[in-house]
Protein chains: 2
Amino acid sequence: MSAPKLLLVEDDTALAELLEYRFASEGYEVRTSADGDEALVMAAEDTPDLVLLDWMIEGTSGIEVCRRLRRDKATAHVPIIMLTAREAEDDRVRGLETGADDYVTKPFSPRELLARVSAVLRRVRPALAGETIETGDIKLDPVAHRVERRGRALQIGPTEYRLLKFFMEHPRRVFSRSQLLDAVWGTGSEIEERTVDVHIRRLRKAIALDNARDPIRTVRSAGYALEPV
Amino acid sequence: MSAPKLLLVEDDTALAELLEYRFASEGYEVRTSADGDEALVMAAEDTPDLVLLDWMIEGTSGIEVCRRLRRDKATAHVPIIMLTAREAEDDRVRGLETGADDYVTKPFSPRELLARVSAVLRRVRPALAGETIETGDIKLDPVAHRVERRGRALQIGPTEYRLLKFFMEHPRRVFSRSQLLDAVWGTGSEIEERTVDVHIRRLRKAIALDNARDPIRTVRSAGYALEPV
DNA sequence: TCTTATTGTCACAAATTTGTCGAAAAAATG
DNA sequence: CATTTTTTCGACAAATTTGTGACAATAAGA
């Protein structure tokens, strides 16, 4: 089981404590910082799964923290939810422009924030929502980095593992080779699209089982999809 | 995969770039023009799925662009969202009269505009928003790229799939072969009109079912239409 | 360092799809 | 009923898209 790690950047101590308590009791692992620079250091030391960022903090402003998080490769893809004080349209626009994934305007209820966090995490890192993902007769444990089908453990290479995990996070959905390259190899990878085919074949071979149907569907001129069983 | 194609007509470069970035990161394919006449040419060359139209642009006015888009057969049904400056009631009324589908008043947040775009697309072209469409006893899931009729999955080729999807997005409407060529094969394809007949036949064969009536109606000397059930 | 895995590409085979024809069938026309 | 127009249908060869095995280059481990 992997508790999602949150980094809360908030200088209102009372609010911070309240949120810390609430999120902890919901199974999150929360670390808090009241200061922008300190938060950046903490993020660098142990990459969080999501950042809750108050827009109006002392010292380095929220927008600046956001920008730096995005600039650093390790934290570039960590989702950010910003906590804005007022209904400042400008702030909102700038925040989203800088790369925040969502925002909540104060005052908000912890319940509301929990819902947003859960929604964003589900969208960005589905594997974090539950400990193991299951699609059809295949089980994948992201923590143990282990895959099994019908009880039998599968031996699977690194790239194939990532590919399978991505498919399992979006079952039934068809992805083009280019989308798969972005998702599994990383955006901007300069790799031939046909290479995807080869890895699909390797994945198929790795998860193959006697008397079991191939769960990977080829959609001609569109891409591939993982179908349960 | 079908990234919805947007055409943004906006002469405020800064705003245009911001929107372009945000929409692109949400999976839209955006092309931008700062000029009304140029926009019309772009729309004619590659019919967009939706037009974002600033009401106050230099040269040909937004209202005029709107009118011309509606006049041209190929773009007549493309939804338009207008971006109006202030709370100009007059503009809003005139815009909606001219045929815009929705409007957003500046200043707006990208998020807000994204929501509108998504809403309009869902209303007008549900398949583009990723919703499954249903026409009679045929169901089409654009995300899974899957078609079924009365529960049974249909095997269907790429071109037939696109053709069926197009028909299902505009049920009951009769399309000429030339319109179908534009919509399914892409504008400017140099293909014999007779070829459409052949694909219609293939589609009919693919969706045929025992004891089920053929849902594709032939309108002699006019074209074809899809009728529910 | 040596050995074993993993990766990205190719080239070629296999499978599927595509655009056109021409003949047959069907529907309008007179 | 004969003629003309339009659509359906079966067949093909060309073109496109996928599946596969092999291979050299790297990376990872022992």
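- When each of D/dC9, C/dT17, D/dT20 is scored by its nearest atom to the side-chain atoms of B/Pro158, the top-ranked nucleotide is C/dT17.
- Picking from D/dT5, D/dT18, D/dC9 the nucleotide with the shortest atom distance to the side chain of B/Arg220 gives D/dT5.
- Rounded to an integer number of Å, the gap from A/Glu190 CD to C/dT7 P is 19 Å.
- Applying the 4.0 Å criterion to OP1 and OP2 of C/dT6, one finds that A/Thr159 has every side-chain N and O outside that range.
- For B/Arg204 and A/Tyr224, each mapped to the nucleotide of DNA chain D holding its nearest heavy atom, the one lying further toward the 5' end belongs to B/Arg204.
- Every residue two or more places apart in sequence or in another chain was checked for a salt bridge (Lys or Arg N to Asp or Glu O under 4.0 Å) with B/Asp182, and none qualifies.
- In the set D/dG10, D/dT18, C/dT18, C/dT18 carries the atom at the smallest distance from any side-chain atom of B/Glu160.
- Applying the 3.5 Å distance criterion, the base of C/dG8 shares a donor-acceptor pair with the side chain of A/Arg202.
- Atom CG of B/Asp197 and atom C1' of C/dA27 are 15 Å apart (whole Å).
- We find that B/Arg150 and B/Asp137 are joined by a salt bridge, their nearest charged nitrogen and carboxylate oxygen being less than 4.0 Å apart.
- For B/Arg194, the side-chain atoms get nearest to D/dT6 when compared with the rest of D/dG19, C/dT9, D/dT6.
- In the helix from C/dT1-D/dA30 to C/dG30-D/dC1, the rotation axis of the first five pairs and that of the last five pairs differ in direction by 30°, rounded to 10 degrees.
- Put simply, CD1 on A/Ile191 is 18 Å from P on D/dA25, counting in whole angstrom units.
- Within the structure, a side-chain polar atom (N or O) of A/Trp185 is placed less than 4.0 Å from OP1 or OP2 of C/dG8.
- In this structure, A/His199 places its NE2 atom 16 Å from P of D/dG21, rounding to the nearest Å.
- Among the nucleotides D/dT18, C/dG19, D/dC9, the one closest to any side-chain atom of B/Arg201 is D/dC9.
- When only modelled atom types and interatomic distance are considered, B/Arg173 and B/His77 share a side-chain donor-acceptor pair under 3.5 Å.
- Nucleotide D/dT18 holds its C1' atom 15 Å from the CD atom of A/Glu192, rounded to whole Å.
- In this structure, A/Thr195 reaches the bases: a heavy-atom distance under 4.0 Å links it to at least one base atom across the strands shown.
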Candidate pair B/Glu190 and B/Trp185, rule side chain to side chain contact (heavy atoms under 4.5 Å, CB included), full reasoning:
CA-CA 9 Å; B/Glu190 312 234 335; B/Trp185 277 260; over 6 Å; no
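- Close placement of the A/Phe166 and A/Phe175 rings is indicated, their centers lying within 6.0 Å of each other.
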Under the criterion side chain to side chain contact (heavy atoms under 4.5 Å, CB included), I'd like the reasoning laid out for B/Leu113 against B/Phe23: C-alpha separation, chi angles, the key distance, then a yes or no.
CA-CA 9 Å; B/Leu113 187 56; B/Phe23 276 90; 3.8 Å; yes
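- Across the protein-nucleic acid pair, A/Leu163 atom CG and C/dG8 atom C1' stand 14 Å apart, rounded to whole Å.
- For the pair B/Glu193 CD and D/dT6 C1', the computed distance is 13 Å after rounding to whole Å.
- One atom, CD1 of A/Ile200, and another, P of D/dG21, lie 16 Å apart when rounded to the nearest Å.
- A side-chain donor-acceptor contact under 3.5 Å links B/Gln179 to the backbone of B/Ser176.
- Between the side chains of B/Thr135 and B/Arg172, no donor-acceptor pair is found at a separation under 3.5 Å.
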